[in-house]
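One structure is given here, and the rest of the page talks about it.
It should be emphasised that the depicted structure is a prediction, and the values quoted were computed from it without experimental measurement. When a residue number appears, it is its place in the shown sequence, counting from 1.
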Amino acid sequence: MALLLSKSRKLICLKPKIGFLSSVYHHHTFISPNLRTPFRILGLNQPHFASFRFESTKAQTQLNPMHSNDSQVLDFPGGEVEFTSHLNFIPETREERVHCYRVLDDDGYPITSNFAQIEKEVALKIYTDMVTLQTMDTIFYEAQRQGRISFYLTTVGEEAINIASVAALKTDDFIFPQYRESGVLLWRGFTIQEFANQLFGNKNDYGKGRQMPIHYGSNKHNYITVASTVATQLPHAVGAAYALKMDAKNACTIVYFGDGGSSTGDFHAALNFAAVLDAPVIFFCRNNGFAISTPVSDQFRSDGVVTKGQAYGIRSIRVDGNDALAVFTAVHEARKMAVTERKPILVEALTYRAGHHSTSDDSTKYRPAKEIEWWRRERDPVSRFKKWIEREGWLNSQVESELRSNIRKQVLQAIQVAEKQEKPPIKDVFTDVYDVSPANLQEQEISIRETIRRHPQDYPTDVPV
């Protein structure tokens, strides 16, 4: 039906195709008939829709939402609101900052028993993968400096965020990364050789050399390909989570982003989208203090990112991002709530980017070198977790030394293999978009082949023509 306001400001209906009362949900919520049963249009039977919160309880009998029998209550669309005679503005900030959940202190001692228990095998894999990630970052970064690859980006200081978070997920959960989550893919089984193939863009790279380095992706591991555009993955993750919900899957999505990503429009749209539809998605914010060179103090006045979740009606928590046990526990509980309650959850992990933003950045230009070194030495998440598993009797210095030596050999070997492989053939530049290549692309392919034939000295010899 169509609704209009008459000259007397009363709400009237025109052309009532469906009776007003028939559009009232059985919980007294006013919902359009089409919104109640959208699956009829699609030929589906079982709806999986978000529950509506703060609903008006009188909408079915009250055409004018500004009218209420109780003079102390405004029965407004969205829910009842009590009146007050106090001129009371909501303060711009809380008097006390949101607390940060932590399990291990700086020396690796548990300060609480309130954390998810981890079996020995899982704990050792978390540590092994954090060490592997450290080693990969060191050697691949050096390879870029040597001119062997064009670009690289490290996760120094954020190893726990990578490994411990994904350790708390299931393999059916979908990963929507930004570009500092290579450890997430490592945990899922992506090999060191597969990382090297992507970085060198050789013929074994799944992206066929068409992505810049560190833009990994793997269908096999439910890891959506990295995109350079900041925060565009957030609404994508919400849409995918809603699809999982509609299909009644026992799974969720997790989307990683930095503090800089929370300054984008996509962040706000995604949170509102997820909250309204109750999509089972975990928003994982890696708040490392800087969006490239912009500190968080120049990005927002709010208490970090965690408070933004509550503003959108999303359950949220702040966690110590350099504490692997705390990250594991937070994501473990977040996943449980997201999947069983069909709700979005926001996790803000406080950490510090102890390396440069990328190989194109010199972070000492905008922050003190002593500060960086202090975080590397005093807040290293790998060392903290190592101290804990050593006290548990699961690791000793000899095993540690052999582990690091073996991983270093594996990374160096992977680079040598990847470097010797041919690049993808020229034809791959023009494939995988159209089923039948259009005329303009066919002309371009002919043109580039002819150009290479006439000027072979200007093109690399390891690219098959």
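By the 4.0 Å N-to-carboxylate-O rule, E158 lies too far from R353 to be salt-bridged with it. The existence of a salt bridge linking D303 and R318 is confirmed by a sub-4.0 Å separation between a basic side-chain nitrogen and an acidic carboxylate oxygen. Ion pairing of D428 with R210 is absent here, as no side-chain N (NZ or NE/NH1/NH2) approaches a carboxylate O to less than 4.0 Å. At a threshold of 4.0 Å, the pair E390-K387 does not count as salt-bridged, since none of the basic side-chain nitrogens sits closer than that to a carboxylate oxygen. Salt-bridge check for R102 with D106: passed, with a basic side-chain N closer than 4.0 Å to an acidic carboxylate O. Taking 4.0 Å as the cut-off between side-chain N and carboxylate O, R286 and E348 do not count as a salt-bridged pair. The existence of a salt bridge linking D172 and K249 is excluded, since no basic side-chain nitrogen approaches an acidic carboxylate oxygen closer than 4.0 Å. For E445 and K427, the salt-bridge test fails: no basic side-chain N is under 4.0 Å from an acidic carboxylate O.
The side-chain hydrogen bond (donor to acceptor under 3.5 Å, both in side chains) check on R301 picks up nothing, with sequence neighbours excluded. Every residue meeting the ring pair (Phe, Tyr, Trp, His ring centres under 6.0 Å) condition with Y256, not counting sequence neighbours, appears here in chain and number order: F284.
Ring centroid separation for the pair Y223 and Y216 does not come in under the 6.0 Å cut-off. Between F174 and H236, the gap from one ring centroid to the other reaches at least 6.0 Å. Aromatic ring centres of F290 and Y366: separated by under 6.0 Å.
Put simply, the side chain of R376 gets close to the backbone of A354: a donor and an acceptor are under 3.5 Å apart. Between the side chain of E159 and the backbone N or O of G157, at least one donor-acceptor pair lies under 3.5 Å. A donor-acceptor pair is defined here as one N or O able to donate and one able to accept, closer than 3.5 Å; no such pair exists between the side chain of E419 and the backbone of R148. Judged by distance alone, with hydrogens and angles left aside, the side-chain atoms of S405 form no donor-acceptor pair with the main-chain N or O of S401 at under 3.5 Å. Looking only at distances, a side-chain donor or acceptor of K423 sits under 3.5 Å from a matching main-chain atom of F200. Side chain of N197 to backbone of Q193: a donor-acceptor contact under 3.5 angstrom is found. For the pair S165 (side chain) and N162 (backbone), a donor-acceptor distance under 3.5 Å is present. Between the side chain of N202 and the backbone N or O of A418, at least one donor-acceptor pair lies under 3.5 Å. Checked by atom type and distance alone, the side chain of E194 pairs as donor or acceptor with a backbone atom of T191 at under 3.5 Å. T329 contributes a side-chain N or O that, together with a main-chain N or O of A116, makes up a donor-acceptor pair within less than 3.5 Å.
Looking only at side-chain heavy atoms (C-beta outward), N288 and D259 come within less than 4.5 Å of each other. L133 has its side chain within reach of S182: a pair of non-hydrogen atoms, C-beta onward, lies under 4.5 Å apart. Residues R180 and V184 form no side-chain contact, since every pair of their non-hydrogen atoms from C-beta on lies 4.5 Å or further apart. Counting heavy atoms from C-beta on, the side chains of D278 and P344 come closer than 4.5 Å. Annotation: side chain of V166 is in contact with side chain of R188 (closest heavy-atom distance under 4.5 Å). Looking at heavy atoms from C-beta onward, I426 lies in side-chain contact with I448 at the 4.5 angstrom threshold. With contacts defined as side-chain heavy-atom distances shorter than 4.5 Å, the pair V347/C285 does not qualify. Between L124 and Y127, every side-chain heavy-atom pair lies at or beyond the 4.5 Å cut-off.
Surrounding CZ of R408 are at most 12 heavy atoms belonging to other residues, nucleotides or ligands under 6.0 Å away. Crowding of H332 atom NE2: a count of heavy atoms from other residues, nucleotides or ligands under 6.0 Å not exceeding 12. The environment of Y109 atom OH is sparse: at most 12 non-hydrogen atoms of other residues, nucleotides or ligands sit within 6.0 angstrom. Counted within 6.0 Å of CD on Q146, heavy atoms from surrounding residues, nucleotides or ligands total more than 12; the atom is thus considered enclosed. The 12-atom threshold is exceeded at CD of E142, counting heavy atoms of other residues, nucleotides or ligands nearer than 6.0 Å. Residue D432 qualifies as enclosed at atom CG: its count of foreign heavy atoms under 6.0 Å is above 12. Atom CD of E450 sits in a crowded spot, with more than 12 heavy atoms from other residues, nucleotides or ligands closer than 6.0 Å.
Annotation: cation-pi geometry satisfied between K308 and F300 (NZ/CZ under 6.0 angstrom from ring centroid, within 45° of ring axis).
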Walk me through whether H215 and S228 qualify under side chain to side chain donor-acceptor pair (under 3.5 Å). CA-CA 8 Å; H215 284 46; S228 289; 2.5 Å; yes
Let's go through T364 and D362 carefully: what are the C-alpha distance in whole Å and the side-chain angles of both, what is the deciding distance for side chain to side chain donor-acceptor pair (under 3.5 Å) to 0.1 Å, and is it a yes or a no? CA-CA 6 Å; T364 61; D362 178 5; 2.6 Å; yes
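Distance check, rounded to the nearest 0.5 Å: NZ of K336 to SG of C252 gives 13.0 Å. Of the inter-residue distances, the one linking E121 atom CD with I126 atom CD1 reads 12.0 Å to the nearest 0.5 angstrom. Atom OG1 of T253 and atom CD of Q233 lie 11.0 Å apart (nearest 0.5 Å).
A donor-acceptor contact closer than 3.5 angstrom is absent between the side chains of T132 and T135. If you check the side chains of R453 and Y459, you find no donor sitting under 3.5 Å from an acceptor. Using modelled atom types and a 3.5 Å distance limit, the side chains of T351 and N287 yield no donor-acceptor pair.
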